[in-house]
Amino acid sequence: MMIEVRDLNVTFSSGKRQNHVVRDISFSVARGETLGIVGESGCGKSTVLRCLSGMEKGWSGEIALAGRTVGKSRSLDDLKCAQMVFQDPYGSLHPRHRIGTALAEPLRAMGRQEIWRTVERSLRQVGLPAAFANRFPHELSGGQRQRVAIARALILAPPILLLDEPTSALDVSIQAEILNLLADQRDEMGLTYVLVSHDLAVIAHMCDRVLIMQDGRFVDELSKRDLQDGKTHDDYARELFEATFI
Amino acid sequence: MKELSVKELARRVTHLAVSLFILLCVTFVIGRILPADPVGAIVGELADPTAYAAMRQKLGLDLPIYQQFLIYLNGLAHGDFGTAVLTGNPVSSDLAQAFPATFELATLAILISTFVGVPLGLTAALFRDTFIDKIARIVALVGHSIPVFWFGIVGLVIFYAGLNWVGGPGRVDVFYEGMVTPQTGLLLVDSLLQGETEIFWNAAGHIILPAVILAYAAMAYITRMTRSFTLEQLSQDYVIAARAKGVGPARTVIGHVLPNIAVQLITILAISYGGLLEGAVVTEIVFSWPGIGQYMTNALMIGDMNAVVAATIIIGFIFMFLNFLADIAYAIFDPRTREAAQ
Amino acid sequence: MSDAIQTDLTVRPPSLSARISGSTIRIVSRLGQEPLGMAGFVILAVLCVVAILAPLLAPYDPNIQVLSDALQPPSAAHWAGTDEFGRDILSRLIYGTRITVQTVLSISLIVGPIGLLIGVVAGFFGGRTDALLMRATDIVLSFPSLILALAFAAALGAGLTTAIIAISLTAWPPIARLARAEALVVRNADYVAAARLYGASPLRILFVYIAPMCIPSVIVRLTLNMAGIILTAASLGFLGLGAQPPAPEWGAMISSGRKFMLDYWWVAVMPGVAILITSLAFNVAGDALRDILDPRHARS
Amino acid sequence: ATPADQLVIGTSLAQVLSLDPQQATEAKANEIMSNLYDRLVASTPDGKIVPQLAESWQVDDKGITFKLRDATFASGNPVTSKDVAYSLGRLLKLDQAAAANLKRVGYTKDNIDQLVKAVDDKTVRIDLSGEVTSELLLYRLAMVVASVVDSVEVQKHVANDDYGNAWLRTHSAGSGPFTLNRWTPNELVILDANKDYVSGAPKMRRVIVRHVPESQVERLMLERGDIDIASALTASDLATFDNKKGFEIQRVPTGGFYVLSMNAGNKYLSNPKVREAIAYGIDYKGIEKTIMGPYGRARTVPVPENFEYAIPSPDWHLDVAKAKELLAEAGFKDGFTVNLKTIAQTPRIDLATAIQASLAQIGIKVDIQQGNGSDIIAAHRARNFDLLIPQTGSYMPNVLGAMEQFASNPDNSLEANNAGNFVWRSAWDIPELTALTAKASLERDPKRRGELYVEMQKMFVDQKPAVLPMFERFEPIVLNDKVHGYVGHPNQTTRLEAVTKAETD
Amino acid sequence: MPGPDMKPVLSVEDLNVSFGRNAVPAVSHVSFDVGRERVGIVGESGSGKSTTGRAIMRLLSAGATVSAKRLDVDGNPLLSLSERQMGKIRGKDIALIMQDPRYSLNPVLTVGKQIAEAARLHLNLRGAAATTAAKAMLERVRIRDAERVMAQYPHQISGGMGQRVMIAMMLLAKPKLVIADEPTSALDVSVRKDVLTLLDELVRENDSGLLLISHDIRMVSAFCERIIVMYAGRIVETLTRLEDASHPYTKGLIAAMPDPRHPVRRLAVLDRSKIDLERA
Ligand SMILES: Nc1ncnc2c1ncn2[C@@H]1O[C@H](COP(=O)(O)OP(=O)(O)OP(=O)(O)O)[C@@H](O)[C@H]1O
Ligand SMILES: Nc1ncnc2c1ncn2[C@@H]1O[C@H](COP(=O)(O)OP(=O)(O)OP(=O)(O)O)[C@@H](O)[C@H]1O
Ligand SMILES: [Mg+2]
Ligand SMILES: [Mg+2]
Ligand code: NI
C-alpha cells in the first residue's frame with residue numbers, strides 16, 4: 001500500500017466552538033491507483049489532503065506514506081514521498097519568481113545537483129518550452145501555470161501526488177489538457193494520486209475508486225464501474241450524483 | 001479575528017497598561033540621560049557651585065537613576081507626577097491647564113478635516129482620474145507639503161492682519177482674559193456653560209485659523225486614504241450589484257461604500273487625531289497657543305523631565321487609547337467581526 | 001500548445017542585470033501611461049542630477065556671506081534673491097538638494113529594511129514573536145515623535161545625523177505594520193505552502209518568498225512618506241535641531257527665512273517652493289508606483 | 001485693539017521660570033517683579049540712585065542707615081525694617097543665582113544677619129562687608145534681588161525651610177504698584193493695579209504680558225493694535241517700525257554685551273595670538289549693520305562707550321591678512337577646527353553664522369552646535385566648549401558694574417569649580433586683572449578710582465581677552481504712540497505706574 | 001411557452017466593446033435578440049460573455065468603449081440614455097445576477113436592507129412598506145423564516161441562500177430582462193439545481209427574458225431554448241440543441257468535458273490553431 005490512513009481526526013478549535021472537521025477516517029491507496037474524494041464545500045476534503053502532505057499539524061491518528069509511518073512534522077525524506085498540486089494556479093506560483101526559479105527552488109531545498117538541467121527536463125515533461133524558464137507567472141495562462149505547478153510537484157520525483165481540485169479554476173478545454181497530462185504522467189511514472197474535487201465528472205473520469213465525503217466522514221465508496229452505472233449506496237451520494245448530471 | 005468579549009477586553013487593557021509602563025520606563029531613562037540641565041535653568045546662569053549642588057540634591061538628581069525611578073514610580077502610584085521645574089507647580093495641574101487647550105484645538109481640527117477630507121476623498125474616488133480628482137489630490141497634497149509654520153504666518157497676515165476676519169494669536173482677546181473660570185478647560189465649552197456668548201464668539205474667532213491650518217495639514221492623509229479605500233471598494237462586486245439594482249453613483253458611495261470603509265476610516269482618523277494632539281507644537285508656537293506641545297517643548301528645552309515624562313505618558317496613553325477605541329470600533333461596526341464575538 | 005518547443009535553448013538562471021532591466025522596462029513603459037507619475041519621476045531624477053552636479057550648477061558658493069548684499073530680491077544676478085547674510089538663495093537651494101537627497105536616502109535605507117524585517121518576521125512567525133514585536137511597534141508609534149526627535153537631538157547634539165536617526169526611529173513602525181499586514185496575507189499563499197512541502201527552511205521562506213512580496217508596498221509607502229519626512233526635518237529645523245548652520249538645508253532655510261516673511265518673501269518662499277515641488281513629486285511618483293507595483297490597485 | 005485702561009506687552013516669556021525676586025534673575029522676570037515689589041532705593045534709567053521705600057539715608061564709613069517711609073504691602077501689612085532685613089537675609093539664605101551679586105562683595109548667609117539690622121520699625125542699618133564701597137552697595141540694593149517682600153505673608157507659606165520660595169514663585173507679596181493676578185507659564189502674566197500704592201494708584205488698571213514667541217506674529221499684533229508694546233522683535237521686524245507713523249522705537253541700553261567666549265583651556269585658544277587673530281577675524285561693522293541692527297553696537301571693550309572713564313575700542317576689525325599673519329606667528333598657519341556653541345535664538349545664532357563665515361576666511365573652521373538654553377549653559381559652566389556666545393548684563397552704570405564679570409577670576413583651577421564666574425568658565429587666568437578689579441572696587445577716591453578703571457580696561461585689552469566683547473547689547477522695544485510715560489530701564493527695572501494711554505495723539 | 005414573440009425584449013446589433021485605447025476588442029460584432037425566453041451564452045473564459053452582459057447593463061468601467069448599431073431593451077435605446085435615466089432602468093427593466101453572493105452582497109448591510117432598497121428605488125415604497133415587500137419577495141424565493149434572515153448579514157447565510165437573496169433583490173421589480181452571469185458556479189453542486197430552477201420559475205412567472213451566461217455548456221443546454229456560443233469576443237454559432245453543434249469550437253468544448261458514462265482514456269483537446277484558421 002502506498003498510502004495508509006487510520007482513524008484520522010482533525011479538530012480546529014477556534015474560540016469556544018470546537019470544529020471537528022475530519023472524523024475517524026481510514027482508507028488506503030495502492031501503488032499506481034488514483035483515489036478520488038468528492039463532497040460539498042467545507043466537508044473536509046482539503047483537510048485530509050493537507051494532513052497527508054504534512055501541511056496540517058493538528059491531526060491525530062496514523063498515516064503511512066510509501067510504507068513509512070510519518071509524524072506531524074516531516075523530515076526532508078518524508079516530504080519527498082508526497083507533493084501537492086493546488087487549486088488556484090494563480091496563487092500557487094510566487095509572482096516574483098521566474099518559472100525557472102520556481103522549479104529550481106525544490107531542488108535547492110533538497111540540496112540536489114545539476115539544477116538547471118533538471119529544470120529544463122521537467123519543463124519539457126509537462127509540455128512547456130524550456131524558454132519559459134525566463135518568464136514570470138503573470139506572463140503565462142492559467143493552464144500553463146498549472147502545468148508549471150505540476151512540474152514543480154513532480155521535479156522531486158515523489159511517488160505520490162496529492163491533487164486538490166487541480167482544474168476547478170480552469171476552462172473545460174484547458175481542464176482536458178491538464179487531466180490528460182496528469183493521466184500521462186501517472187502512467188509513465190507509476191504515480192499514485194489522491195484527487196479531490198467537487199466535480200464528480202472529473203473524478204469519475206480520472207479515478208479508479210471514489211470516496212464520498214460528508215461532514216468529515218466517508219459515507220460511500222464507489223468503484224469506476226459504479227460510476228459508469230450510476231450506482232450509489234447512500235442517499236447523499238445519490239443526491240450528489242443527480243445534481244452533477246442534470 | 002478580533003473578538004470583543006470580556007476576556008478579550010481585559011487582555012487588551014493589560015496590553016495597554018504594559019505598553020504604558022514600558023513607555024514610562026523608556027521616557028524616564030531618556031529623560032535622565034539627557035544632558036539638558038534643569039538645575040542650571042532653576043538656579044540661573046551665574047549661580048555658584050554650592051547653590052547648584054544644593055538644588056541638584058533638592059531635585060534628587062544626585063541619586064542613582066534606578067532610585068530616581070523608584071521614587072518617581074512611588075509618586076506616580078500616589079497620583080503625583082512630580083513638580084515641574086518650569087512652573088514650580090505640580091505637573092498634573094500644569095497638564096490640566098495645557099492639555100485642554102491642545103485638546104480643543106486638535107478636536108476642532110480633526111472635525112474640520114474629517115468633514116472636508118472624507119467627502120473630498122469620496123468625490124475624488126468617484127470621479128477618478130478626472131479633473132476633480134486631480135484638483136482634490138493637489139489641494140490635499142499642498143496641505144501635506146507646506147510647513148505649518150509657513151501657513152500659519154501667511155494665514156495670520158491675510159486673515160488677521162489684512163482682512164481682520166479672525167482673532168489673533170492666543171485663545172481669546174486680552175480684554176476677556178481671565179473672565180471665564182475654567183471648568184472643562186475648553187474655552188469654547190466653558191464660555192457657553194457660563195453664558196458668555198460674547199467670549200464664545202471671540203474664542204471661536206481665535207481658534208478657527210489655527211484649527212483650519214492644522215486640519216489642512218491632516219486632511220491630505222485623510223483624503224488620500226479615503227480615496228484609496230473607496231477605489232478599492234468600487235471595484236468590488238457588491239458595488240456593481242448595487243449599481244445593477246439601480247442605485248445612483250452618489251448613493252452607492254454614501255449608502256454602500258461608506259459603511260464598508262467606515263471602520264478603516266475610523267482607524268485613520270484615530271491616527272490623525274493622535275498625531276494632531278502630539279504634533280501641534282509648531283502651530284502652538286506660531287499662534288501663541290498655550291497647549292501641551294509648547295509646554296512639552298519648553299520643558300524639554302530646560303530639561304524639565306518630570307514635565308516631559310508626564311506629558312509623554314499622557315500623549316502616549318491617548319494615542320494607545322485611540323488605537324484601542326479604533327480596534328473596538330472594528331468589533332462594533334463591522335458585522336463580520338461582531339458575529340465572531342457571539 | 002501553440003508554442004513550438006525550442007530544443008536548442010538551454011535553461012539558465014536569469015542574470016541579475018537582465019532581471020533589473022526587465023523590470024525597469026516594465027515600470028517605465030507603465031509610467032508612460034501616467035503622465036503625472038512620469039512628471040514626478042522626472043522631477044526626482046532632476047533632483048538627483050542637481051545634487052550630483054551642484055558645484056557645477058550653482059552660480060555662487062552657498063556659504064559665502066556678502067553682508068552688504070543681504071536680503072536682495074530676485075534679480076538677474078540672484079535668481080532667487082539673497083538671504084539675510086547675503087548668500088545666494090538659488091545656490092543654497094542647489095546645494096540643499098544634496099542634503100535632501102541624503103536625508104531621504106538615509107532615512108529610507110534605515111527605515112525600509114528595519115520596518116520590513118520587523119514586520120515580516122512578526123507576520124510570518126506569528127504568535128508570541130508577533131505579539132512582542134507589535135507591542136514594541138505600538139509603543140514606538142505612540143511615542144510623540146517630535147518629542148523623541150527633540151530628546152535625541154538634545155542627547156546627541158543637534159545636527160543632520162541626529163535628525164536622521166531621530167526621524168528614522170519614529171518612522172519605522174508604520175512600515176513594520178504595513179509589512180506585517182502584507183506578510184500575514186502572503187504567508188497563507190499556496191506558494192508558501194508549496195515551499196514548505198518541498199522543504200524550504202523558514203528563513204528561506206521568509207527572505208526569498210515573503211519579503212520580496214512586501215517590498216513594493218514598503219517602497220511605495222516610503223515614497224509617499226518622503227514628503228512627510230522632509231517636513232519633519234523642516235520642523236526640527238524650525239526648533240533649531242535639524243541641520244546646523246551654515247548647511248543649506250531647505251527646512252532650516254525656510255525656518256530662518258520665516259523671520260523675514262513679511263518683508264522679504266523670497267527668503268522663505270523659495271525653499272518652500274522647493275520642498276513643495278519635491279514632496280509633490282514624491283507623492284505623485286509614489287502614487288504612480290503604487291498603481292504599477294501594487295496589484296490591488298492595478299486591478300480596478 | 002487693547003482696552004484703554006490696560007497695557008498689553010508682547011514678548012517671549014519662555015525663560016521666565018520664577019517670579020520670586022530673591023530667586024529669579026532672568027530679564028523678563030525682572031521687568032515683571034520690579035513692578036510687584038519696591039526696593040529701598042531705585043536707580044533711574046540714567047543711573048542715579050533715588051529713594052523708593054527709603055525716604056532718606058545716611059552714609060558713613062561703616063555703612064548706611066535708611067529711614068523708611070510709611071508704606072503698606074498689598075496685603076495691608078505695613079512695610080517695616082523687619083521686612084527689609086528679612087528680605088536681604090532671605091536672598092542670601094536661599095543662595096541662588098540672585099545672591100551672586102552680593103556674595104561677590106562679601107555678604108554671605110552667615111554674616112548677613114549681623115550686617116543688616118532693624119534699628120527700629122522704620123530704620124534699617126546695613127553695614128559694609130569690607131569688600132565694597134557704600135556707593136556700589138547702593139546700586140546693588142537698587143537691583144530687583146533686593147526687593148522687599150512682605151515677611152508676614154511669606155512666612156505663612158514657608159514649607160520645608162524654603163523661605164516661602166515655592167509659593168512666592170507664582171505669587172506676589174510686595175508693596176509695588178501692581179500685584180500678580182495670574183502667571184501662566186508660556187502664556188501670559190496678568191498684573192493688577194495696587195490701588196493703595198503709596199504714591200497713588202497706577203494709571204493702568206491692568207498690565208498683561210503676553211508670550212508671543214514668533215517675532216513676525218508679534219509684529220502683526222502690534223500693527224493691529226492687539227499689543228501696545230513689543231519687545232523681543234527681530235532686527236528686521238524692528239526696522240519696519242522705523243519712522244512708521246503711530247509707533248515709536250526705544251532702544252534701551254542694557255550695559256551688557258554679546259560676547260565671544262573662548263575656552264583658554266583649548267590648545268589653540270590658550271594662545272593670545274590666536275585670540276587676537278580671532279578678534280581680527282570678525283566683521284563687526286558688517287554684522288552690526290545687517291544682523292544686530294538696533295540690538296547691538298560694535299564695541300570690543302566691555303564698558304559701554306558713554307560711561308565715564310570708558311576707553312575707545314581697540315583697533316580690532318575684520319582684517320584677514322593681519323589675522324592670518326597672527327595665526328602663522330602662533331604656529332597655526334594652516335588653521336584648525338573648533339566648535340562654536342550657541343543658543344538657537346536670534347540674534348545669537350545669526351551672529352554665530354556670520355562669525356563662522358568670516359573665521360573661515362582666516363583658516364579657522366568653525367562647527368556650529370546650536371542648542372536649547374540649558375544644555376548650552378551647562379556646557380559653558382562645565383568649560384565644555386571651544387567657542388561660545390553668551391550675553392551679559394550690567395547692574396550699575398559705571399566701569400566696575402559693566403566690567404566686573406569680565407575682569408575677575410580669583411582661582412582658575414579646575415578644582416575651584418567656580419562655575420558662577422564668567423571668566424572661570426573660559427579658563428582664562430588673569431591674576432593681575434583680578435587684583436586690579438578688587439582694588440578698584442574698594443577705592444573710595446573718585447579720581448583715583450577713575451584711573452584704576454582706565455587701567456583695568458587697558459589691561460583687559462592687552463591680555464587679548466578670552467571673553468571677547470563684540471557688541472554692546474540693547475533691548476529695542478516698539479511702542480504704540482498711544483502709550484505715554486514708558487521709559488525702558490537699562491537694568492530691566494522698568495516701572496509702569498506712570499504709564500498712560502491716550503486715544504488721541 | 002417559448003416561441004417567437006413579436007417584440008424582442010433585448011435586441012443587440014453589432015455590439016463592440018474594447019478596453020483601453022488601442023487594445024484588441026473584448027467583444028466584436030455581436031448581434032442577438034432575446035425575447036421572453038431563455039437564452040444562454042457559453043464560451044471559455046475571456047471570451048467576452050460577462051463583458052457582453054455588463055455592456056447591456058452599461059456597467060463597464062470608464063475605460064471601456066462600447067458601440068453598437070442597436071442596443072435596445074424593450075424598445076429603449078440604452079446607449080443614448082443619460083446615466084440618470086439608465087439608473088432608473090437598471091434593476092427595474094433589466095437586472096443582473098452575479099456569480100458569487102459572497103462578494104456581490106454588501107457585507108455590512110443586512111439582507112433586509114439591501115432588498116428593501118430595491119423596493120424603495122423601483123416600487124416607490126417607503127419605510128415599513130418596503131420592508132414588507134422585501135419580506136414577501138424573500139418568501140417567494142423560498143427562504144424559510146424570512147423575518148430572521150432579513151436581519152442577518154450576508155456572511156451569516158449560506159451561499160445558496162445568498163444567491164436566492166440576490167435573485168430576490170434583483171427580481172423584486174419584475175424586470176423584463178434578467179441577465180444571470182454564472183449564477184451557480186460559486187455554489188455547491190447540490191444546491192445549484194435548486195437555485196437554477198427557482199430562477200427559471202420566477203422568470204417564467206414574470207414572463208421576462210433570461211440571458212444565462214455560463215461556461216458549462218451542458219447546463220445551459222438543459223435550461224435554455226437557445227445557446228449562443230462565443231469565442232474570442234465573437235459569436236461563433238447559435239444553437240437550439242447541443243447535438244446540432246457544427247462549429248469545431250463548440251464540438252471541441254463538448255468533447256473536452258469528461259463524461260463518466262462514456263469513459264475515454266484521454267480527453268479530446270481543442271485545436272485552437274484550426275479554429276483560428278477557420279475564423280480568419
Ligand atoms: N485553519 C483552519 N482553522 C479553522 N477551521 C478550518 C481551518 N481550515 C479549514 N477549516 C474548516 O474545516 C472545514 C473543512 O475545510 P476544508 O478546506 O477541508 O473543506 P473542503 O472540503 O476542501 O471544501 P472546499 O470544497 O470548499 O475546498 C471547513 O468548515 C473549514 O471552515
Ligand atoms: N476592465 C477590463 N479592462 C480591460 N480588459 C478587460 C476588462 N474586463 C474584461 N476585460 C477583457 O475582456 C475580455 C473578455 O472578458 P470577460 O470577463 O467578458 O470574459 P468571460 O467570458 O466572462 O470570462 P469568464 O468565464 O472568465 O468570466 C477578456 O480578455 C478580458 O481580459
Ligand atoms: Mg478545499
Ligand atoms: Mg465572466
Ligand atoms: Ni500553447
Side-chain angles (χ1 to χ4, degrees), chain B residues 1-4 123-134 227 229-267 329-342, chain E residues 50 53-54 56-63 83-111 113-123 151-156 162 165-166 169-173 175 178-179 181 186:
Chain B
M1 275 285 103
K2 292 162 186 131
E3 299 182 15
L4 187 64
T123 317
L126 196 56
F127 298 99
R128 187 191 185 183
D129 291 335
T130 62
F131 188 66
I132 299 177
D133 183 20
K134 293 202 169 94
R227 176 181 181 269
F229 291 153
T230 310
L231 279 183
E232 209 161 290
Q233 297 295 321
L234 282 181
S235 63
Q236 301 286 318
D237 278 355
Y238 77 82
V239 173
I240 296 172
R243 306 267 287 116
K245 197 163 69 174
V247 184
R251 228 191 126 108
T252 314
V253 167
I254 294 167
H256 288 256
V257 172
L258 200 54
N260 267 287
I261 61 171
V263 184
Q264 287 167 293
L265 275 185
I266 289 175
T267 311
Y330 260 98
I332 291 176
F333 291 116
D334 194 324
R336 283 160 293 192
T337 48
R338 184 169 42 191
E339 161 70 0
Q342 285 154 9
Chain E
S50 303
R54 292 198 183 175
I56 297 168
M57 296 292 292
R58 277 192 48 198
L59 277 178
L60 288 168
S61 59
E83 181 56 38
R84 211 191 171 79
Q85 292 166 316
M86 197 62 216
K88 293 222 177 77
I89 289 187
R90 285 193 203 112
K92 177 138 182 69
D93 292 338
I94 35 177
L96 177 69
I97 291 164
M98 313 222 305
Q99 176 171 1
D100 195 338
R102 271 176 305 178
Y103 302 118
S104 50
L105 290 173
N106 192 333
V108 300
L109 300 182
T110 57
V111 165
K113 263 203 193 125
Q114 299 192 46
I115 304 177
E117 187 176 26
R120 220 173 301 135
L121 284 169
H122 302 298
L123 303 184
Q152 284 182 317
Y153 288 93
H155 70 275
Q156 294 168 313
V165 169
M166 190 78 195
M169 187 165 91
M170 288 301 181
L171 298 194
L172 184 81
V178 177
I179 302 172
D181 190 352

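So that the names make sense, note that chain A is the first sequence line, chain B the second, and so on, each numbered from 1. A quick note: this is a predicted structure, and the numbers were derived from the prediction, not measured.
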(message) If I take atom CG from residue E:L105 and atom NE2 from residue B:H256, how far apart are they, to the nearest 0.5 angstrom?
(response) 10.5 Å
(message) I want to check something: taking the side chain as every heavy atom from C-beta on, are B:K245 and E:Q114 in contact at a cut-off of under 4.5 Å?
(response) yes
(request) For the residue pair E:R54 and B:I240, establish whether any side-chain heavy-atom pair is separated by less than 4.5 Å. (result) yes
(request) State, to 0.1 Å, how close E:S104 and B:A241 come at their nearest heavy-atom pair, and which atoms those are. (result) O-CB, 3.2 Å
(request) Side chain from CB out, backbone as N, CA, C, O: work out which of these in E:R84 comes under 4.5 Å of a heavy atom of chain B, or both, or neither. (result) neither
(message) Heavy-atom cut-off 4.5 Å, strictly under: side chain, backbone, both or neither for E:I94 against chain B?
(response) backbone
(request) Can you tell which part of B:V247 gets under 4.5 Å to a heavy atom of chain E, answering side chain, backbone, both or neither? (result) both
(message) I need the full list of salt bridge (charged side-chain N to carboxylate O under 4.0 Å, His left out) pairs touching residues 250-262 of chain B, with sequence neighbours left out, sorted by first then second residue.
(response) B:R251-E:E117
(request) Looking only at non-hydrogen atoms, find the nearest pair between B:D237 and E:M98 and report the distance. (result) O-CE, 3.1 Å
(message) Counting only non-hydrogen atoms closer than 4.5 Å, does E:R102 touch chain B with its backbone (N, CA, C, O), its side chain (CB onward), both, or neither?
(response) neither
(request) Please report the closest heavy-atom contact between E:L96 and B:A244, naming both atoms and the distance. (result) CB-CB, 3.8 Å
(request) Quick one: list whatever passes side chain to side chain donor-acceptor pair (under 3.5 Å) with B:Q264, sequence neighbours left out. (result) none
(request) For chain B, find which of E:A118, E:P154, E:A173 contributes the most heavy-atom pairs closer than 4.5 angstrom. (result) E:A118
(request) Give, as side chain, backbone, both or neither, the part of E:L59 having an atom under 4.5 angstrom from any heavy atom of chain B. (result) side chain
(request) Go through the atoms of E:M166 and report whether side chain, backbone, both or neither lie under 4.5 Å from a heavy atom of chain B. (result) side chain
(request) Indicate the atoms forming the closest heavy-atom contact of E:V108 with B:P259, along with that distance. (result) CG2-CB, 3.5 Å
(request) Could you pull out the closest heavy-atom pair between B:G255 and E:L109, with the gap in Å? (result) O-CD1, 3.8 Å
